[in-house]
Amino acid sequence: MKKLINKPDDVVKEELEGIALAYPDLVKIHYEPNFVYRADAPIKGKVGLISGGGSGHEPMHGGFVGMGMLDAACPGEVFTSPTPDQMAEAAKMVDGGAGILYIVKNYTGDVMNFEMAADMLRAEGIAVQNILIDDDVAVKDSLYTAGRRGVGTTVLAEKICGAAAEKGYDLQKLSDLCRKVNINGRSMGMALTSCIVPAAGKPTFDLGENEMEIGIGIHGEPGQERMALKPVDEITEMLALNIIEDEAYTRTVREWDFGKEEWADVELVDPPFQKGDQVLAFVNSMGGTPDIELPIIYRKLYEICEKKGLTIVRNLIGAYITSLEMQGCSITLLKMDDELIELWDAPVKTIGLRWKA
Amino acid sequence: MKKLINKPDDVVKEELEGIALAYPDLVKIHYEPNFVYRADAPIKGKVGLISGGGSGHEPMHGGFVGMGMLDAACPGEVFTSPTPDQMAEAAKMVDGGAGILYIVKNYTGDVMNFEMAADMLRAEGIAVQNILIDDDVAVKDSLYTAGRRGVGTTVLAEKICGAAAEKGYDLQKLSDLCRKVNINGRSMGMALTSCIVPAAGKPTFDLGENEMEIGIGIHGEPGQERMALKPVDEITEMLALNIIEDEAYTRTVREWDFGKEEWADVELVDPPFQKGDQVLAFVNSMGGTPDIELPIIYRKLYEICEKKGLTIVRNLIGAYITSLEMQGCSITLLKMDDELIELWDAPVKTIGLRWKA
Amino acid sequence: MPITTADVLDYLQEVADVIGANKEHLTDLDSAIGDADHGINMNRGFQNVLKKLSSVEDKDAGTILKTAGMALVSSVGGAGGPLYGTAFMQAGTAVAGKYELEAVDLLAALEAALKGVVMRGKANLGDKTMVDAITPAVDAMREVVQNGGSTLEALKRATEAAEKGMKDTIPMLAKKGRASYLGERSVGHQDPGATSSYLLINAMLEIAQGKGQD
Amino acid sequence: MPITTADVLDYLQEVADVIGANKEHLTDLDSAIGDADHGINMNRGFQNVLKKLSSVEDKDAGTILKTAGMALVSSVGGAGGPLYGTAFMQAGTAVAGKYELEAVDLLAALEAALKGVVMRGKANLGDKTMVDAITPAVDAMREVVQNGGSTLEALKRATEAAEKGMKDTIPMLAKKGRASYLGERSVGHQDPGATSSYLLINAMLEIAQGKGQD
Ligand SMILES: Nc1ncnc2c1ncn2[C@@H]1O[C@H](COP(=O)(O)OP(=O)(O)O)[C@@H](O)[C@H]1O
Ligand SMILES: Nc1ncnc2c1ncn2[C@@H]1O[C@H](COP(=O)(O)OP(=O)(O)O)[C@@H](O)[C@H]1O
Ligand SMILES: [Mg+2]
Ligand SMILES: [Mg+2]
Ligand SMILES: [Mg+2]
Ligand SMILES: [Mg+2]
């Protein structure tokens, strides 16, 4: 295993220590339980925006803590959902009195842990909502699976909701916005190589020199299909068409019903993309794919969107939601409207995403 | 060879096409000869700041074109210095009447090509100076080698000189500043894996599962020594001590003598670091090293600097000067003063580096 | 001889040892159809359980099990953390206040554990999860206990059933958890969670046998 | 029979073919002590030379060679571009205006090429560069020409000397170019630039021999 680390068990702890030393003006770190939070938290009257998940996806989520984005991020061990106590402690630390929104990627572990955390917070009288991100079109149905995974749209939701929270959206409005981003965003990813979980010490899967995995998530897991390596234009087309031609996706998620004071099943439907839609195009490196290759993907994606009648009004290109050193990429398209564009353009100042500040 | 590309020969062209589509507000692309230039160029009265080099080091240099940094960048083929016509055409495109500064990394090819370009420009009456970056302490002497390579300090010089050019420094003052950044910056790098030049199709060198290369440059070339893999703390210490304890480095470089109107040999001496120095610490990924590992390096570097009496006043952590998908890192320390700090903090708006804009 | 709180403590130590010994095995299984962390997570969790036990050594079995459950919830993470954490907490609730556990108490604890897992994870039998190992174990145990069998007999049958249930996950197509994303590709691999569940049930048998009791 | 401009054009075609055939070989040599691009660069350069030739087919040898040099400068890049570009431009200047080249003209061209390379790159003999292949070739050629030998004889000796010079770079420790960064590790590898220089000189011999002339 070739990594710039000391002991596998110390990776997350030492990463956090490094972040604390590197960005004291931006974030603070709390240890045991571990979380990263805004140096200026809590912000009175602002909804506290929190996300979290396994480590190994850097810069997500710790790299997205700061003005205009998250108030706190809870890093689990590599590829392992964090625990409810991390999430609850983080919430109490950044609570500005306007409630907490948990942005939760749809993985069984994340969902269960964030639900337990929300229950713990409510027991202490803090208002909290959990909104799921489940945007991975590689997962076709939700009846016979754990439902679509939360992938690239998470980054966009954190940026957009972060700007909205900064603007003063209340918990209800912010939850609605997050849900709107989620149902309008779709992603799909692929891998050229596996990655190595530090504590496991060997590649999660083996791929032949001429093979690739299509339909991967972000946890180094194998994808839905293994196929022969193809030129990037064909790969881009495969991912983009799966996204653009994806039909309405219906599933039931659990959200908190503030009226009834209980968890409620909510049916959500992702509307398909339509000719004339304005989109944000997000080309993401899985961590080991170098910058030189990403514009080549964007070039083809642009052509396909044009052909399909989608207008790219904003883009994001780089390594933002990764699987350690995996080579590969994912594509996310998010249907935009004036509200989303304005929020996307708003200032942001985090380790991983920064503009106008 | 696992890459997200189409034909190896088309990589640079398609990369540029993607950049053109993705960032029309920021940069424009000129083809044949290839260069990337500021969308708002030329800026009247401002010195034109230009760099260039082989491709494969992204985001450097094309990703550093924009307000507060470069006016143009000339990308060669992968790891191959660009040609004089690219450099000269780029200069003519962005010339705002105040002359051109070429920031040149010290590689035989880059130096010769940029000198030819400067001669071509002068023949057309454009004032131009070439300032070398040669900061790689892994190269010990300059008498029996081509001299120290230009590595990490290049990024810092481009940012700092870019801010100065924006502020109105004239060609002479900007050249002096660039030289000052160069003699005060030192770097060293290492690799866990080789990279694959697309047109070559196979790794430039083979490394055993338990081996690493120390003292590499940025062209996928083997380093000065191969050794057994070590924990990152030891690697960081090795690189940092080589940098911090490096003695005065003397060499002769060629610059243009505006008085005599000819190339002149100039002797330059890098002053060693001293207790009490304020430094910018730059931890760089070689391209394939994921974000999770970089703060772990920074953590140790911080400790070493503290022990050695150096105060880190600014930092930069990420993949900024890379060797395709190589896993590995480099460390750069730059001695700072008030002028450099102010210029470092100034707004910058490029693809690869952006703040306050 | 009933199961004492000392036995429960021994059991948790045994589980920690067994999970430690099977860490790589569980992680390998999770590599095939998951994200290569199940053994690592479980090991971290039970090491944390051991740390928390000293404060409850003299408490009743319910408190000990609930403490273990909370330790798991706050250190395992992933799917395993809430599921096993809930299982132990519910088991603890089922035997709250007791210092000695008869076969019927054990059955109640295991039934509560399973209920907790299903409440939290909503998996059905055949979804290729830990439920597929625990359910047959509970059924087997119930049969023995309802017929007046001994704790040892009940645990023997439960372990056999859990082992079969674990192996039966191999041909299954996953419908819950991370493996479900693989669709058809999940077929042919043994579920890591079902495997750890078998190990946890087998560890009870080991403890009971270690007591040399009937 | 003197070398005609048709022969010069044939020569450039031959070089393009030979470099194309040796692209991988040159790149492999550059992998060992450089950055794995020498063959790729040279091939791109000479393909570009071929494109530029049509406009100067009826011109004198000097113009053809200068055009080739400029094509190399603007397409090879790296160290090879300015060095070989300068070499061809200087060679062209040395035979400016000529449509037929005698042995003495060839010698003048090669001497000018070497001078150009040294002027630009400042390498000394023994630095493990192309200079180590070209210098002995020029010396050998000079000796033959000064003794009144034929073009063919001169090129034979020059090629032999270039080949020996190329092989002699193997034990050398590089002091110029990218290989110099490797220090001791550069020893034991043949210099890619010396190798391409040998190929370029050998190609002249091939053309001369192809004419079947003395
Ligand atoms: N909804 C569920 N109900 C019951 N068990 C589940 C469920 N989802 C996953 N599991 C179990 O969890 C195991 C994986 O645990 P682990 O690897 O620790 O978590 P993660 O999948 O979050 O990495 C699976 O093998 C499966 O047995
Ligand atoms: N200063 C120099 N003088 C003469 N030849 C040189 C010099 N530096 C490098 N070379 C030659 O250039 C060759 C490398 O060319 P190439 O690979 O095209 O360029 P780069 O090193 O820029 O990648 C070396 O093998 C060597 O023969
Ligand atoms: Mg996991
Ligand atoms: Mg090169
Ligand atoms: Mg797992
Ligand atoms: Mg080379």
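Residue numbers begin at 1 in each chain, while the letters A, B, ... track the order of the sequences.
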- Query: Is there a donor-acceptor contact under 3.5 Å from the side chain of A:K2 to the main chain of B:M212?
  - Reply: no
- Task: Under 4.5 Å heavy-atom distance to chain B, tell me which part of A:I297 shows up: side chain, backbone, both or neither.
- Result: side chain
- Could you tell me which non-hydrogen atom of A:I296 sits nearest to which non-hydrogen atom of B:E14, and how far apart they are? CG2-OE1, 3.5 Å
- Where on B:M190 is there a heavy atom nearer than 4.5 Å to chain A: the side chain, the backbone, both, or neither? side chain
- Quick one: list whatever passes ring pair (Phe, Tyr, Trp, His ring centres under 6.0 Å) with A:Y37, sequence neighbours left out. A:F35
- Task: Could you tell me which portion of A:V11 (side chain, backbone, both or neither) has an atom closer than 4.5 angstrom to a non-hydrogen atom of chain B?
- Result: both
- Region of B:L21 that comes under 4.5 Å of a non-hydrogen atom in chain A: both
- Which residues satisfy the side-chain contact (heavy atoms from CB on, under 4.5 Å) test with B:K356, sequence neighbours excluded? A:R354, B:D345, B:P347
- N/O donor-acceptor pair under 3.5 Å between A:E293 side chain and B:K3 backbone: no
- Query: Does any heavy atom of chain A fall under 4.5 Å from the side chain of B:I235, the backbone, both, or neither of them?
  - Reply: side chain
- Message: If I measure from the heavy atoms of chain A, does B:L229 come under 4.5 Å with its side chain, its backbone, both, or neither?
- Response: side chain
- Item | Option in A:G288, A:G287, A:A22 with maximal non-hydrogen atom pairs under 4.5 Å from chain B | A:A22
- Which atoms of B:E325 come close to chain A, meaning under 4.5 Å heavy atom to heavy atom: side chain ones, backbone ones, both, or neither? both
- Item | B:L207 portion near chain A, given a 4.5 angstrom heavy-atom threshold | both
- Which bit of B:A357 is near chain A, if near means a heavy-atom gap under 4.5 Å: side chain, backbone, both or neither? backbone
- Item | Main-chain N/O of A:P231 paired to B:N6 side chain as donor or acceptor, under 3.5 Å | no
- Message: Counting only non-hydrogen atoms closer than 4.5 Å, does A:L4 touch chain B with its backbone (N, CA, C, O), its side chain (CB onward), both, or neither?
- Response: both
- Query: So which part of A:Q327 gets closer than 4.5 Å to some heavy atom of chain B, the side chain, the backbone, both or neither?
  - Reply: side chain
- Cut-off 4.5 Å, heavy atoms of chain B, and the answer for A:C329 is both
- Criterion side chain to side chain contact (heavy atoms under 4.5 Å, CB included) on A:N315 and B:Y23, from CA distance to verdict: CA-CA 9 Å; A:N315 63 51; B:Y23 308 103; 4.2 Å; yes
- Could you tell me which of A:K349, A:K7, A:M1 has the largest number of non-hydrogen atom pairs under 4.5 Å with chain B? A:M1
